[in-house]
Amino acid sequence: MNKILTAKIIRLAKHGFKTRLLAAAAMTCSILSMQLPADPSNAVLILNSDNSVGRYALAQSTFEASQTGEKIIIDLGDGQPHDEVIQKLFQQSKIKITYAIGSNAYMLINQLAADSKIIFSSAINWQRLPLEDHTFGVSNELPAGMQLMTFRYLFPDVRKIGIVYSEKFNEEWVAEAVKSARDAGIEIIGKSIDDHTELAPALRSLLPKVDALWLISDPSVLSSKDATMEIFGQSNAMKKPVFAYDKIYTDLGALLIISPDIYTISRQAAALVDDLLTGTKITEKVVSPAGSHVILNMKTLNSFNVRLNQDALDSVNQVIE
Amino acid sequence: MKTTLIKYFVLAVLLWFFAVPCYPGAGEKEPQSILYFYNSETNINNFVSLKITFDTYLSQFGDYYFQPFSDQSNFESFVAENDKGVMLLSSWHYSMLKDQASLVPALIGVSNNKTTQRKILSTQHDIESINDLKGKKIATASNISYSENLLREMVGSANEDVVSSVKFVLVPKDIDALMAVGFGIASAALTSEKSLENFKDINEKQYSQLRQLGISKEILLTLAVVHQKADAGAAKLLATLMKMSTNPDGKLKLRMLGLDDWRPLTPSELATLNVTEVKGK
């Protein structure tokens, strides 16, 4: 690392004094903000999109605890320039594999070291990322079937679940969910809308036919705060529980939140890194999360007429009372 | 006269001092008792939620609080250095610790009227023998050393190479482990028999595609243990645990630990744990 710093300072000497001073300060900060092992040969580069984001920080700490090899850690959220340092690390063959946490980290490493091996996680909608032959990852989305089985486990009497969605964003996903639901003994009743003006009538038509509403991530449906309020307003008025994907919806009265378990995802990423380091063949480029984080809102449960399978309570990660 | 009054006053103070028993009376605070928790059989990571839930419940009955541990070695060091409170831990973990930490089991967890469970190794259908598991991923909600031990017991010492070659995928819950197999994320799952029965109820198709390749002996459920030198506070905390199932709210909290009651251990359960002497007996 001293060699990189020295080379950088010599190069800076060719420029004006102010530029030199500012650039040297930035470079020093960038280097100081990295966490380096004693001998970083063949290290794993942990590239974090922003370690001040809780889920990214958790992904990093879990990965660090699960992966025993040498590591170099760079936090892209620290406000320092890192491109040159990363390029140098690759030019000097210091990095064996990069673990990219979040989409920004993935996009950057894919741009700076396109031929290197990359494992990613915590990237929203990974399907839009450019994937290469040497790129692998852990999806941030739970398979619909896993979520449906969890609904069934916790609420055995909920057999008809409604989804409002837009064909533009979720046609295939809903088709897959309908198929998976049959295996779990659940019927999915979908109602597609083209824009926010169709939301309220769609809910009025759908809610009387279902036992619960499944709120999925769909920009046409969740187009504004008013749209979200409309969904919860109608559902709560009709005493129909809402199953959602993010904790923010518990304040509005969502009964159940299922999201991927970050600990599990990061351990899966660490296992993929181990597979690459040991030359084990990886059969699937992007694997699904193997575990979920389940939040149960007891306040909503107590005000709705929904039977909870109490035997399943040990599968709930968090109870809101 | 004044001297006599002072003498009587001093005498009254001394009499009061010796007459009042040296245990907490009305208005005096009882010593705090702590319920420590680490369970090698569950990969629980909801410590904040669990702590809030149990603290809220226990505080109704005394100055009690709940202290979960996420790390086995931290828990073990703590238990070795501390002789107060009550500890909840797996029977497997108790067997490992009982001699070095002088622990005695006081209560055993009950689930569906049973104090034991069996663990099952369920695999994808194309895994027909133990040997086919070599190098494969096994999903488990228990910690690694417990899972390794369990697998070793199931496959026998002749298959040690299989045990050392498998990769464990740690998941939060038994049901996740089974779904990981169902969705092709892992080749096998190590779960309780009860979880497998639940899995059958929620997706018979995926259940029918599983093969049961190994089964453990009956394993005692979670234990509540105390140190041999435990104080009166621990005894009161144990009594509070015993009453949890009679309180609807307490019963709900117990379910979060996968139990529905506590009761004292029978002689045969103590014998299973190789315990010959129990405090208070």
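Below, chain A is the first sequence line, B the second, and so on; all start at residue 1. Here the structure is a predicted model, which is why all the values come from computation and not from measurement.
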### Task
Answer yes or no: does atom NZ of B/Lys114 have more than 12 heavy-atom neighbours from other residues, nucleotides or ligands under 6.0 Å?
yes
#### Entry: More than 12 heavy atoms of other groups within 6.0 Å of A/Lys96 NZ
no
### Task
Give, as side chain, backbone, both or neither, the part of A/Pro289 having an atom under 4.5 angstrom from any heavy atom of chain B.
backbone
### Task
Could you have a look at B/Lys167, B/Lys251, B/Lys194, B/Met179 and say which one has the most heavy-atom pairs with chain A under 4.5 angstrom?
B/Met179
### Task
Using non-hydrogen atoms and a 4.5 Å limit, figure out which bit of B/Lys253 sits close to chain A: side chain, backbone, both or neither.
side chain
## Note on the structure
Applying a strict 4.5 Å limit to non-hydrogen atoms, the region of B/Leu252 in contact with chain A is both
### Message
Distance alone, cut at 3.5 Å: any donor-acceptor contact between the side chains of B/Ser49 and A/Gln318?
### Response
no
### Query
With no hydrogens and no angle check, is any side-chain donor or acceptor of B/Lys119 less than 3.5 Å from a backbone partner on B/Gly214?
no
### Proximal component of B/Asn112, with respect to chain A [non-hydrogen, under 4.5 Å]
side chain
### Query
Taking atom types as modelled, is there a side-chain donor on A/Asp183 or B/Gln206 under 3.5 Å from an acceptor on the other?
no
### Task
Could you tell me which portion of A/Asn309 (side chain, backbone, both or neither) has an atom closer than 4.5 angstrom to a non-hydrogen atom of chain B?
neither
### Query
Side chains of B/Asn198 and A/Tyr153: is there a donor and an acceptor less than 3.5 Å apart?
yes
### Query
With a 4.5 angstrom heavy-atom cut-off, which part of B/Ile202 approaches chain A: side chain, backbone, both or neither?
both
### Task
Could you give me the CA-CA distance, side-chain angles and deciding distance for B/Ile219 and B/Trp92, then say whether side chain to side chain contact (heavy atoms under 4.5 Å, CB included) is met?
CA-CA 8 Å; B/Ile219 301 164; B/Trp92 171 79; 5.6 Å; no
### Query
Checking A/Val316 against chain B: side chain, backbone, both or neither under 4.5 Å from a heavy atom?
backbone
### Task
Select one option (side chain, backbone, both, neither) describing which atoms of A/Ser66 are under 4.5 Å from chain B's heavy atoms.
neither
### Message
What part of B/Lys137 gets within 4.5 angstrom of chain A, counting heavy atoms only: side chain, backbone, both, or neither?
### Response
side chain
## Note on the structure
Max heavy-atom pairs within cutoff under 4.5 Å with chain B, candidates A/Met298, A/Glu321, A/Gln268, A/Glu284, goes to A/Glu321
### Message
Is a donor from one side chain sitting under 3.5 angstrom from an acceptor on the other, for B/Ser192 and B/Asp174?
### Response
yes
